[in-house]
Amino acid sequence: METKTILIVDDALTNRVLLKRYLEDDYNIIEAENGQRAIDIIDEQQLNISLILLDLIMPEKSGFDVLEFMSDYGFIPEISVIIVTVEANYENEMKAFEYGVSDFITKPFYPQIVQKRVKNVIDLYDTQKNLRRLLDEQTIDTMELVAELEHMSDNFR
């Protein structure tokens, strides 16, 4: 089984170090210290990233700027996002969920909670991707069968 890659985006080095420590045994970790660097990494790595742990309040570009970029380029359905925040408030949560984020983790971090939420979200996204792939394959098979039946029907006329 391939090791999944997680992008940790937080301007606080302490938070990045803690999250990396909690997850590095099971995942490849990439770090970004601000939203602009995160956008650059997402643009470079694209679909090699399985999950982004994203702080909302950062210099240069905020977490919402990152979400806007991901939304504009269609990455949110392919890369799951968990918001990491000191304080979750209604407005920020609603805005983030409207972008399609999967979950929130509040600071202070608890290692087992972080690990479980990350695993659950990655597993859920993998299942969704597999279902979409199977549905696409079935749709193609059905379209090919319909075309073949139409061809056969034309031969009988």
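We count residues from 1, following the sequence as given. Only heavy atoms go into these numbers, but all of them, side chains included; no hydrogens, no water, no symmetry mates.
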Checklist line | Check against side chain to side chain contact (heavy atoms under 4.5 Å, CB included), I6 and I49 | finding: CA-CA 6 Å; I6 295 175; I49 300 169; over 6 Å; no
Checklist line | side chain to side chain contact (heavy atoms under 4.5 Å, CB included) between V9 and I52, intermediate numbers included | finding: CA-CA 7 Å; V9 185; I52 299 173; 3.9 Å; yes
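Minimum heavy-atom separation, S102 to Y125: OG-CE1, 3.3 Å. Taking every heavy atom of both residues into account, D55 and D10 meet most closely at OD2-OD1, 3.3 Å. For the residue pair A96 and I83, the shortest heavy atom distance occurs at CB-CG1, 4.1 Å. Contact record, D11 with P59: CB-CD, 3.5 Å, taken as the closest heavy-atom pair. Nearest approach of G100 to I76, heavy atoms of both residues: O-CG2, 3.8 Å.
The distance from the NZ atom of K107 to the CG atom of L18 is 10.0 Å, given to the nearest 0.5 Å. K61 contributes atom NZ, which lies 11.0 Å from atom CE of M58 (distance to the nearest 0.5 angstrom). To the nearest 0.5 Å, atoms CG (D25) and OG1 (T3) are separated by 11.0 Å. With rounding to the nearest 0.5 angstrom, the CD atom of E98 is 11.5 Å from the CG atom of L67. The structure places CZ of F64 at 9.0 Å from CG of L54, a figure rounded to the nearest 0.5 Å.
A 4.5 Å side-chain heavy-atom check between I105 and L19 finds every atom pair outside the cut-off. At least one side-chain heavy atom of V84 sits under 4.5 Å from a side-chain heavy atom of F109. Taking the side chain as every heavy atom from C-beta outward, I82 and L51 approach each other to under 4.5 Å. You'll find the side chain of N92 stays beyond 4.5 Å of the side chain of T85, heavy atoms only.
Applying the side chain to side chain contact (heavy atoms under 4.5 Å, CB included) rule to V17 yields the partners L13, R21; only residues at least two apart in sequence or on another chain are considered. With sequence neighbours left out, D126 forms a salt bridge (charged side-chain N to carboxylate O under 4.0 Å, His left out) with K4. A search for ring-ring contact (aromatic ring centres under 6.0 Å, His included) contacts involving Y27 returns nothing, not counting sequence neighbours. I113 is linked by a side chain to side chain contact (heavy atoms under 4.5 Å, CB included) to Y110, R117, counting only residues two or more places apart in sequence or in another chain. Partners of N130 by side chain to side chain contact (heavy atoms under 4.5 Å, CB included), not counting sequence neighbours, listed by chain and number: R133. For D65, there are no salt bridge (charged side-chain N to carboxylate O under 4.0 Å, His left out) partners at least two apart in sequence or on another chain. Applying the side chain to side chain donor-acceptor pair (under 3.5 Å) criterion to K119, with sequence neighbours excluded, gives D123. Shown here are the ring-ring contact (aromatic ring centres under 6.0 Å, His included) partners of Y99, two or more places apart in sequence or in another chain: there are none. Shown here are the ring-ring contact (aromatic ring centres under 6.0 Å, His included) partners of F104, two or more places apart in sequence or in another chain: F97. Applying the side chain to side chain donor-acceptor pair (under 3.5 Å) criterion to K95, with sequence neighbours excluded, gives no partner residue.
L124 shares a hydrophobic cluster with no other residue; no ILVMFWY side chain has heavy atoms under 4.5 Å from its own.
Using the six-membered ring where Trp is involved, F75 and F69 have ring planes that are tilted, between 30° and 60° apart.
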Review item, side-chain donor-acceptor pairs of residues 29-39, under 3.5 Å, at least two apart:
unit_1: E31; atom_1: OE1; unit_2: R16; atom_2: NE; d: 3.1
unit_1: N34; atom_1: OD1; unit_2: Q36; atom_2: N; d: 3.0
unit_1: N34; atom_1: OD1; unit_2: R37; atom_2: N; d: 2.7
unit_1: N34; atom_1: ND2; unit_2: E60; atom_2: OE2; d: 3.3
unit_1: Q36; atom_1: NE2; unit_2: D40; atom_2: OD1; d: 3.0

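Put simply, M70 and Y73 are part of the same group of oily side chains (I, L, V, M, F, W, Y) that touch within less than 4.5 Å, one to the next.
Between the side chain of K129 and the backbone N or O of E78 there is at least one donor-acceptor pair closer than 3.5 Å.
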